[in-house]
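Note: hydrogens, waters and symmetry copies are ignored here, and every other heavy atom, side chains too, is used. Every chain is numbered from 1, with letters handed out A, B, ... down the list of sequences. It should be emphasised that the depicted structure is a prediction, and the values quoted were computed from it without experimental measurement.
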There are 2 protein chains.
Amino acid sequence: MIQNIQIQLNEHLYLKDPMQSELGKAMLQKSVELIYELGFEEFTFKKLSTAIPTTEATIYRYFENKHRLLQYLTNWYWSAMTIEYTYLTNNMQQAEQAINTGIELIIHPTKFMPQHPMLSVEKLFGIIINESNKSYLTTSIDEDNQLKLFKPYKDFCNILAASFLKYAPKFSFAHSLASTCVESILHQCYFMQHLPSLTDCKSNTGAKGLQTFIKNLIFNTLDKNK
Amino acid sequence: MIQNIQIQLNEHLYLKDPMQSELGKAMLQKSVELIYELGFEEFTFKKLSTAIPTTEATIYRYFENKHRLLQYLTNWYWSAMTIEYTYLTNNMQQAEQAINTGIELIIHPTKFMPQHPMLSVEKLFGIIINESNKSYLTTSIDEDNQLKLFKPYKDFCNILAASFLKYAPKFSFAHSLASTCVESILHQCYFMQHLPSLTDCKSNTGAKGLQTFIKNLIFNTLDKNK
DNA sequence: AGATTGTTAATAGTAATACTATTATAAATA
DNA sequence: TATTTATAATAGTATTACTATTAACAATCT
C-alpha cells in the first residue's frame with residue numbers, strides 16, 4: 001500500500017526536497033543504512049558523502065544539519081505509520097480490534113508495512129528505537145515544535161488516543177496513555193536487547209510477551225474507565 | 001536524610017573520585033548547573049572549566065569524557081532515589097502505600113529528598129527528564145552495561161517491581177511495568193512542558209493529573225493480575 | 001638541608017566534526 | 001549563441017573533544 005504513496009513532509013525539514021532528485025533519494029537510503037549501523041552520534045555527513053558518493057557540501061544543500069536529517073526520517077516513519085494504521089482500521093466496527101491492530105503495528109511494523117524501495121522499514125524501526133528520542137530531546141524543542149516538526153508523531157498518538165476514546169469514551173487520559181504506550185513499546189524493545197533486567201519480555205519469542213504486557217496494561221486501564 | 005550519606009559510585013565512572021577533592025566537588029556542582037541551563041549537547045568541558053574556574057585538562061583528569069560525567073550524575077540520582085525509597089517505605093505494612101509513595105517520589109523528588117549541599121535535586125531532576133535517556137541510548141551501551149554503569153537505575157526499578165509483586169504476587173510483568181512507570185513519568189513531565197498535545201496532564205496543577213493517571217494505570221493492571 | 005618521589009595543574013597542542021564561502025559546471029531559457 | 005539559473009565541487013574555518021608533555025608543588029626520606 002505505502003510504496004505507491006508520496007508522503008509530503010514538512011518543508012522545514014529540508015533545504016531542498018530529497019525526494020525530488022536521485023541524489024537526494026540516495027542520501028535518504030544511505031543515511032538509513034549508516035545511522036542503523038553506526039548509531040546517530042557516529043554518523044557524519046562526511047561518512048554519508050563517501051558512501052553515496054558525493055561531497056559533504058552537497059548534502060548540506062539538502063539538509064541544514066544531521067539533526068534535521070534524523071527528524072526527516074522520523075517524520076517519514078510516523079507519517080507512514082499513521083497512513084498504515086488508518087488503512088488497517090478502516091471500516092473496523094470494534095474499537096477493541098482497532099486498538100489491538102495498533103499495538104501489533106507498533107511492535108511489528110515490518111509485518112504490516114510493505115518494503116519501501118528506498119527506506120527500509122526494518123532499519124527505520126531500529127533507528128526509531130535507538131535514536132528517535134534524540135529528535136526531540138534537544139534545546140531547540142520549542143522552536144522545532146513551532147515549525148510543526150513533530151506533527152506526524154503527534155498525529156499517530158492522537159489517532160491511537162481516538163481509538164481509546166471510542167472504546168472508553170469517559171477516559172480522561174487517552175493522550176497520555178497513547179504516548180505512554182508508544183514510548184513504552186520502543187523502550188521495552190531496547191531493554192530486551194540491551195538491559196534485560198528492566199523487562200520481563202524476551203526478544204527471541206517475537207515479542208509475544210511484550211504484546212501481552214501492553215494489551216494487558218491498556219485494556220485493564222480502559223475497562224475500568226469505560 | 002540523604003545529605004549525611006556518602007554515596008559510593010561505580011569507579012569506572014571517573015578517573016579520579018570527584019568527591020575526594022574540593023575541585024572535584026566544584027565540578028559536580030557546576031556541571032549540574034550548566035547542563036541544566038544549556039542542555040547536554042551545548043555543555044562542554046571548556047565551559048565547565050571557565051565556570052569553576054580551572055582548566056579543561058584538569059577536568060579530563062577526573063572524567064574520561066562528558067558522557068561519563070552525565071552517567072556519574074544519573075548514577076548518583078538513582079542511588080539517592082533508591083536509598084530514599086527504601087527509607088520511606090521501611091516498615092510499611094501495605095504494599096499499596098509503598099507503591100503510592102514510590103510514584104509520588106518519582107514525580108516530586110524535591111518534596112522528599114532534602115537539599116544536598118552540592119547536587120541540587122531540583123536541577124538533577126530536570127537533567128534526568130531531559131538528558132537521562134542519552135546516558136544509555138548510545139552505541140557503547142553493552143560495554144557500559146558490562147561495567148555495571150546502569151546498576152543504580154536498575155536497582156530502583158527492581159525495588160519498585162518488588163513492591164508491585166508484593167501487592168500482586170502472580171503478576172508476570174513487574175519489571176516491565178516498573179521501567180514503563182518510571183520512563184512514562186519522565187516523558188509525561190517533558191511533554192507537559194514542551195509537547196502538551198501528547199498528554200492530558202497539566203504542569204501548573206503540580207502534576208496532580210499525572211499522579212492520577214499513573215496510579216490508575218498501575219493499580220488497574222495489578223488488581224486484574226492479583 | 002637537599003634529593004627523591006608522587007600528585008596535581010598548566011601549556012600547547014591534534015584529530016575530527018559541523019558547517020560555510022567561493023568557484024566551477026551543466027542545464028535551461030531567451 | 002548568449003544569458004541566466006540550478007546544481008555540484010573545492011577548499012576552506014571554527015569549534016569540539018581529547019591528549020601529550022611539561023611545570024609546579026608538596027610530602028617523604030636520607
Side-chain angles (χ1 to χ4, degrees), chain A residues 11-31 34-35 37-73 131 134-135 137-140 143-144 149, chain B residues 11-31 34-35 37-73 131 134-135 137-140 143-144 149:
Chain A
E11 57 181 14
H12 292 109
L13 289 166
Y14 49 80
L15 300 173
K16 177 176 153 61
D17 188 350
M19 291 286 189
Q20 298 304 320
S21 77
E22 289 309 308
L23 197 67
K25 288 177 187 173
M27 286 176 199
L28 295 178
Q29 196 227 316
K30 288 284 179 189
S31 66
L34 282 176
I35 296 173
E37 280 169 31
L38 306 171
F40 186 63
E41 272 68 38
E42 303 294 314
F43 168 80
T44 68
F45 277 2
K46 181 125 241 159
K47 289 171 184 170
L48 178 57
S49 69
T50 54
I52 291 178
T54 180
T55 67
E56 233 182 318
T58 303
I59 299 168
Y60 278 104
R61 303 233 154 227
Y62 285 78
F63 296 101
E64 212 180 321
N65 51 52
K66 69 172 185 171
H67 192 248
R68 278 283 186 274
L69 174 51
L70 177 63
Q71 288 177 329
Y72 185 99
L73 296 176
E131 327 286 357
K134 297 168 193 167
S135 71
L137 289 172
T138 63
T139 40
S140 59
E143 298 149 49
D144 291 357
L149 301 190
Chain B
E11 57 182 14
H12 292 108
L13 290 166
Y14 51 79
L15 300 173
K16 176 177 155 60
D17 188 350
M19 290 287 189
Q20 297 305 318
S21 77
E22 289 309 308
L23 198 67
K25 288 177 186 172
M27 287 175 198
L28 295 177
Q29 196 227 314
K30 289 284 180 189
S31 67
L34 282 175
I35 297 173
E37 281 169 32
L38 306 171
F40 186 63
E41 272 70 36
E42 303 294 312
F43 168 80
T44 67
F45 277 0
K46 179 126 243 158
K47 289 171 185 170
L48 178 58
S49 69
T50 53
I52 291 178
T54 179
T55 66
E56 232 182 319
T58 303
I59 299 168
Y60 280 105
R61 302 229 157 233
Y62 286 78
F63 296 101
E64 211 179 323
N65 51 51
K66 69 172 185 171
H67 193 250
R68 278 283 187 274
L69 174 51
L70 177 63
Q71 289 176 328
Y72 185 99
L73 297 176
E131 327 286 356
K134 298 168 193 166
S135 71
L137 288 171
T138 63
T139 40
S140 59
E143 298 149 49
D144 291 356
L149 302 190

Open item on the list: Could you tell me how far apart E56(B) (CD) and dT16(D) (P) are, to the nearest whole angstrom?
Closed with: 9 Å

- [ ] Return the value, rounded to whole Å, for the distance between atom CZ of F43(A) and atom P of dA18(C).
- [x] 9 Å

Task: Spacing of E22(B) atom CD relative to dT8(C) atom P, expressed in whole Å - done: 13 Å

Task: Whole-Å gap separating C1' (dA17(D)) and CD (E41(A)) - done: 14 Å

Task: Heavy-atom pair of closest approach, residues F45(B) and L69(B) - done: CE1-CD2, 3.8 Å

- [ ] Select base, sugar-phosphate, or nothing to describe what Y62(A) touches, counting heavy atoms under 4.0 Å on all strands.
- [x] sugar-phosphate

TODO: Could you check how far CG of L23(A) sits from C1' of dT7(D), rounded to whole Å?
DONE: 10 Å

Open item on the list: In this structure, how many angstroms lie between the P atom of dT7(D) and the CZ atom of R61(A), rounded?
Closed with: 10 Å

Open item on the list: Could you tell me how far apart N65(A) (CG) and dT20(C) (P) are, to the nearest whole angstrom?
Closed with: 9 Å

- [ ] Using a 4.5 Å cut-off on heavy atoms from C-beta on, say whether the side chain of Y72(B) contacts that of S31(B).
- [x] no

Task: Check: K16(A) and T58(A) side chains under 4.5 Å, non-hydrogen atoms - done: no

TODO: Would you classify S21(B) as touching base, sugar-phosphate or nothing, given that sugar-phosphate means primed atoms plus P, OP1 and OP2, and contacts are heavy atoms under 4.0 Å?
DONE: nothing

Open item on the list: Both atom distances under 3.5 Å, Watson-Crick or G-U wobble: I'd like the secondary structure of DNA chain D as a dot-bracket string, with | for pairs made across strands.
Closed with: ||||||||||||||||||||||||||||||

TODO: Would you mind reporting whether Y60(A) and E56(A) have side-chain heavy atoms less than 4.5 Å apart?
DONE: yes

Open item on the list: Whole angstroms only, please: what is the CD-P distance between E42(B) and dA18(C)?
Closed with: 13 Å

- [ ] Determine whether T54(B) and K30(B) make a side-chain contact, defined as any pair of heavy atoms from C-beta on separated by less than 4.5 Å.
- [x] no

Task: Candidates dA10(C), dA18(C), dA17(D) - which lies nearest the side chain of Y60(A) - done: dA18(C)

Open item on the list: Side-chain N or O of T55(A) versus OP1/OP2 of dT10(D): is the shortest distance under 4.0 Å?
Closed with: no

Task: Sole candidate of K66(B), K134(B), K47(B) that passes salt bridge (charged side-chain N to carboxylate O under 4.0 Å, His left out) when paired with E41(B) - done: K134(B)

- [ ] Answer with base, sugar-phosphate or nothing: what part of the nucleic acid does K46(A) contact at a heavy-atom distance below 4.0 Å?
- [x] nothing

Task: Ring geometry between F40(B) and F43(B) (parallel below 30°, tilted from 30 to 60°, perpendicular above 60°) - done: parallel

- [ ] Assign T58(B) to base, sugar-phosphate, or nothing according to its heavy-atom contacts below 4.0 angstrom with the strands shown.
- [x] sugar-phosphate

